[in-house]
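Here's the structure, in structure tokens; my notes come after.
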Amino acid sequence: MITVINELKRELCALLWTVLKPNKIKFNIVQFASQITKFRDSTVEPTYETCLAAAEFIGNMMAGGNTCTLEALTEALGDESAGATYLVTDGKPDTSCRAV
């Protein structure tokens, strides 16, 4: 799992610097395991400072705990300013797959 999470972190950081920032695409990051943790309360502009802070947030991500998929999707989709939502998960949701 360590190898996979490190690869994911690299790819997310690459996305920040090569896609989001150059194209001025607003973003947010919602991490989920046994609890939901958001990078910011809502989407942010991809300034140098926010991308740097997001890269640090990504660097501190750790795999483990539960998989609160429904709660994470509810949180992420509740932000109406988000133009897209990408779900990255390590497994089956803790709640019913039908509910998700």
Minimum heavy-atom separation for Ala54 and Phe27, please, with both atom names.
CB-CE1, 3.6 Å
Charged N-O contact under 4.0 Å between Glu45 and Lys24:
no
CZ on Phe32 to NZ on Lys38, rounded to 0.5 Å:
14.5 Å
Using every non-hydrogen atom in the two residues, find where Ile36 and Val30 come nearest and quote the distance to one decimal.
CG2-CG1, 3.6 Å
May I ask you to check whether over 12 heavy atoms, not counting those of Asn60, lie within 6.0 Å of atom CG?
yes
Minimum heavy-atom distance between Asn23 and Val19, given as atom pair plus value
ND2-O, 2.8 Å
Any donor-acceptor N or O pair under 3.5 Å, side chains Ser42, Ser81
no
Nearest-0.5 Å distance, CZ of residue Arg40 to NZ of residue Lys26:
14.0 Å
Ile29, Thr50, Leu20, Asn28 screened by side-chain contact (heavy atoms from CB on, under 4.5 Å) with Val44, the one that passes
Thr50
Just by distance, do the side chain of Lys21 and the backbone of Pro46 share a donor-acceptor pair under 3.5 Å?
no
So how far is it from Gln31 CD to Met62 CE, rounded to the nearest 0.5 Å?
9.0 Å
Looking only at heavy atoms, which two atoms of Ile58 and Cys13 are closest? And how far apart?
CG2-SG, 3.9 Å
Verify side chain to side chain contact (heavy atoms under 4.5 Å, CB included) between Val4 and Leu8, making sure each step is shown before the conclusion.
CA-CA 6 Å; Val4 175; Leu8 174 64; 5.5 Å; no
Below 30° counts as parallel, above 60° as perpendicular, anything between as tilted: where do the rings of Trp17 and Tyr48 land?
tilted
Just how far is it from atom CD1 of Ile5 to atom CZ of Arg10, taken to the nearest 0.5 Å?
11.0 Å
Going from CG on Leu16 to CD on Glu11, what distance comes out if it is rounded to the nearest 0.5 angstrom?
11.5 Å
Does a side-chain heavy-atom distance below 4.5 Å link Phe57 with Thr37?
yes
Are side-chain heavy atoms of Leu70 and Thr74 found at a separation under 4.5 Å?
yes
